[in-house]
Number of protein chains: 2
Amino acid sequence: MASPECRICSFKSPAAEYLSNLELEALESNCAQINFKKGDVIFREGTLATNIAYLKTGLVKVHMKGPAGDKILRLMKAPAYLGMPTTFADKVNNYTATALIDSHICFISLDTFRDFIFKNGSFAYEIILDLCQNELKDYQRYANMSQKQLPGRVAEILLCMSHELFKSNKFELPLNNSELSDFVSSSRESVNRQLSDFSKEGIISMNKKELTILREDLLEKISLKG
Amino acid sequence: MASPECRICSFKSPAAEYLSNLELEALESNCAQINFKKGDVIFREGTLATNIAYLKTGLVKVHMKGPAGDKILRLMKAPAYLGMPTTFADKVNNYTATALIDSHICFISLDTFRDFIFKNGSFAYEIILDLCQNELKDYQRYANMSQKQLPGRVAEILLCMSHELFKSNKFELPLNNSELSDFVSSSRESVNRQLSDFSKEGIISMNKKELTILREDLLEKISLKG
DNA sequence: AGTAAAGTGTGACTTTTATCACACCTCAAA
DNA sequence: TTTGAGGTGTGATAAAAGTCACACTTTACT
């Protein structure tokens with residue numbers, strides 16, 4: 001655990017940009033940075049939610065137990081608040097956050113965070129904006145994922161990784177086949193077959209975990225038509 | 001359009017309970033109540049989002065165009081803010097809200113609402129709480145709906161209607177078969193067959209739109225196991 | 001380097017659900 | 001009271017995706 005230096009932190013959230021020096025000092029003394037390795041659980045479903053988790057650097061999967069196994073709800077890349085809904089709305093975490101690569105997390109005391117909301121309108125407004133933006137994206141993904149069939153669902157997450165997460169046509173898959181199936185709500189085998197098919201058709205190429213999107217246009221078409 | 005009397009309104013949201021008399025006066029002069037009939041569109045996907053819509057009384061479906069037709073995201077019963085995410089996070093509505101029964105909506109000027117967030121910490125906190133609670137419920141439903149197969153999905157929404165919306169084992173279905181299929185992401189025919197099956201098995205009984213849950217225990221079991 | 005554990009690739013078969021087709025019901029407006 | 005539009009019920013068939021089985025590959029650890 002490093003001693004935090006929130007005042008000079010260059011990974012501040014948009015909301016934290018609105019904090020005064022005095023408030024940043026309060027943050028410093030009520031905040032702890034912890035570093036997680038790939039695969040480490042940051043907070044776990046069913047345990048007490050006592051802090052706000054802020055993802056300063058890294059990549060995280062948010063997932064929960066569904067009726068038929070694990071369900072990945074979303075991937076989050078830094079910077080982002082990880083568990084606001086589960087921390088504010090329930091004493092107990094409703095979902096788990098797991099690091100997909102080495103990640104730095106700041107745990108902020110809930111009281112301090114709440115205090116900022118009460119006393120700093122700009123901070124509160126940014127938090128609300130953030131929650132709203134996330135909900136909108138969730139709705140979009142929900143509508144898409146629930147109506148598309150497998151090729152479209154797989155195409156969508158590949159494009160999402162390429163556009164939002166890595167901003168490149170070539171990237172290392174952060175999820176294995178089984179996790180991919182948890183994300184698109186399918187079976188490990190079906191996802192695997194789908195990736196094979198995309199490869200055979202020359203839409204993507206894979207070398208170990210290294211994935212390259214060769215025909216983004218086709219992938220886009222498959223994603224759109226479902 | 002009735003002239004609003006927010007100060008003495010008995011349908012205030014938890015957040016609005018924290019508004020001062022002065023703020024309630026400001027609300028009164030920046031707010032309009034409009035009454036919608038069953039089937040009326042309250043705000044529509046693709047149009048400009050200019051106000052916060054507060055559902056004072058009634059029942060509303062929130063839905064959006066998906067790749068394979070309409071997708072119902074959630075049913076909302078009064079009291080509730082209808083379109084915060086879409087109003088705050090985007091200039092254009094990302095989804096449509098349609099009245100399922102006669103409903104009273106207050107349209108609140110976005111500037112006024114934003115002002116409350118900036119200046120009244122308790123108000124802001126209640127709004128954040130509300131957003132978080134909704135997101136948590138959405139995640140839960142998302143994980144369930146994406147992993148269960150049809151019997152479980154239909155069982156789940158019937159139980160949801162019974163428990164959350166109508167608080168009774170007997171209620172009038174607010175959706176027709178086609179809308180039900182938009183909600184559970186299936187086809188009209190499959191949903192219809194599923195309801196027939198539940199009837200044949202004595203789990204529910206239907207008389208026109210009037211639905212009675214006869215074996216809640218069985219329905220619960222079907223919903224749980226997927 | 002050797003070994004166990006985790007992950008991948010693929011065929012055969014089964015289950016679930018969509019689609020198509022069509023008859024029938026219900027209710028409101030002419 | 002007709003008429004027609006929207007909604008419902010159900011069979012037959014086809015398509016999609018899950019499951020099972022098993023071999024192979026990669027990774028991580030000692």
Side-chain angles (χ1 to χ4, degrees), chain A residues 37-40 61 66-72 98 100-102 145-157 172-201 204-211 222-223 225-226, chain B residues 37-39 61 66-72 98 100 145-158 172-201 204-211 222-223 225-226:
Chain A
K37 293 231 188 64
K38 179 178 173 171
D40 288 347
K61 69 168 172 174
D70 213 41
K71 166 74 192 173
I72 296 185
T98 303
L100 293 174
I101 59 175
D102 294 0
M145 286 287 179
S146 62
Q147 289 191 340
K148 289 179 188 172
Q149 40 201 54
L150 194 58
R153 300 210 297 278
V154 173
E156 176 170 334
I157 60 166
E172 184 166 326
L173 261 184
L175 303 174
N176 63 27
N177 285 348
S178 167
E179 289 174 307
L180 284 173
S181 76
D182 292 340
F183 201 8
V184 301
S185 305
S186 177
S187 69
R188 199 261 312 163
E189 294 93 327
S190 295
V191 169
N192 185 293
R193 267 186 263 264
Q194 192 56 61
L195 290 175
S196 297
D197 287 353
F198 283 160
S199 291
K200 277 177 207 144
E201 296 162 28
I204 63 172
S205 82
M206 286 184 68
N207 181 6
K208 301 278 165 62
K209 299 242 120 194
E210 188 83 5
L211 187 145
I222 292 167
S223 169
K225 85 161 203 300
Chain B
K37 293 230 188 65
K38 179 178 172 168
K61 69 168 171 174
D70 214 39
K71 167 73 192 172
I72 296 184
T98 304
L100 293 174
M145 286 286 180
S146 62
Q147 290 191 340
K148 290 180 190 173
Q149 39 201 59
L150 193 58
R153 300 209 298 278
V154 173
E156 175 170 334
I157 61 166
L158 293 184
E172 182 166 326
L173 261 183
L175 303 174
N176 64 28
N177 285 348
S178 168
E179 289 174 307
L180 284 173
S181 76
D182 292 340
F183 202 8
V184 301
S185 305
S186 178
S187 69
R188 200 260 312 161
E189 294 93 326
S190 296
V191 169
N192 185 293
R193 265 186 264 264
Q194 192 55 62
L195 290 175
S196 296
D197 286 353
F198 283 160
S199 290
K200 277 176 205 145
E201 296 162 28
I204 62 172
S205 81
M206 287 184 67
N207 182 5
K208 300 276 165 63
K209 299 243 121 196
E210 188 84 3
L211 187 146
I222 291 166
S223 169
K225 85 162 201 302

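Quick caveat: nothing in here was measured; it's all calculated off a predicted structure. Values reported hereafter were calculated over all heavy atoms of this structure, with side chains retained and with hydrogens, waters and symmetry mates removed. Throughout, protein chains are lettered first and strands after them, A, B, ... in sequence-line order, and every chain is numbered starting at 1.
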Checklist entry - Heavy atoms, side chains only, cut-off 4.5 Å: are B:Val154 and B:Leu180 in contact? => result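 When only atoms from C-beta onward are counted, B:Leu180 and B:Val154 do not touch, as no gap falls below 4.5 Å.
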
Rounded to whole angstrom units, what separation is found between the [atom1] atom of [X] and the [atom2] atom of [N]?
X	N	atom1	atom2	result
B:Gln147	C:dT16	CD	P	17 Å
B:Asp197	C:dT16	CG	P	12 Å
B:Asn176	C:dC25	CG	C1'	15 Å
B:Leu175	D:dG6	CG	C1'	16 Å
B:Asn192	C:dC24	CG	C1'	13 Å
B:Leu180	D:dG9	CG	P	11 Å
A:Met206	C:dG7	CE	C1'	12 Å
B:Lys38	C:dA28	NZ	C1'	14 Å

Checklist outcome for this item: A correct 5'-to-3' footprint of nucleotides 18-30 of chain D, with B, S and - meaning base, sugar-phosphate only and no protein heavy atom under 4.0 Å, is BBBB----S----

Checklist entry - Who passes side chain to side chain donor-acceptor pair (under 3.5 Å) against B:Gln147, sequence neighbours left out? => result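 For B:Gln147 there are no side chain to side chain donor-acceptor pair (under 3.5 Å) partners, ignoring immediate neighbours.
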
Checklist entry - Has B:Ser178 got a side-chain N or O lying under 4.0 Å from the OP1 or OP2 atom of D:dG6? => result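 No, outside the criterion.
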
Item to check | Pairs meeting criterion salt bridge (charged side-chain N to carboxylate O under 4.0 Å, His left out) with involvement of residues 180-200 of chain A, two or more places apart | outcome: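 Output for this query is empty, none listed.
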
Which residues pass the side chain to side chain contact (heavy atoms under 4.5 Å, CB included) test with [X], not counting sequence neighbours?
X	answer
A:Ser190	A:Leu150, A:Ser186, A:Ser187
B:Lys208	none
A:Lys209	A:Glu172, A:Asn176
B:Pro174	B:Leu59, B:Leu100, B:Met161, B:Phe166

Item to check | Inter-axis angle, terminal five-pair segments of the helix from C:dA1-D:dT30 to C:dA30-D:dT1 [nearest 10°] | outcome: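 Helix axis angle between the two ends: 50°.
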
Item to check | Euclidean distance, A:Leu173 CG relative to A:Ile204 CD1, rounded to 0.5 Å | outcome: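 Atom-to-atom, A:Ile204:CD1 and A:Leu173:CG are 8.0 Å apart.
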
Checklist entry - Given that B:Asn177 and A:Gln194 both sit by DNA chain D, which one's nearest nucleotide is further toward the 5' end? => result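 Checking each residue's closest nucleotide, the 5'-ward one belongs to B:Asn177.
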
Next on the checklist: List the residues meeting salt bridge (charged side-chain N to carboxylate O under 4.0 Å, His left out) with B:Lys71, not counting sequence neighbours, and say none if there are none.
Outcome noted: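 None.
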
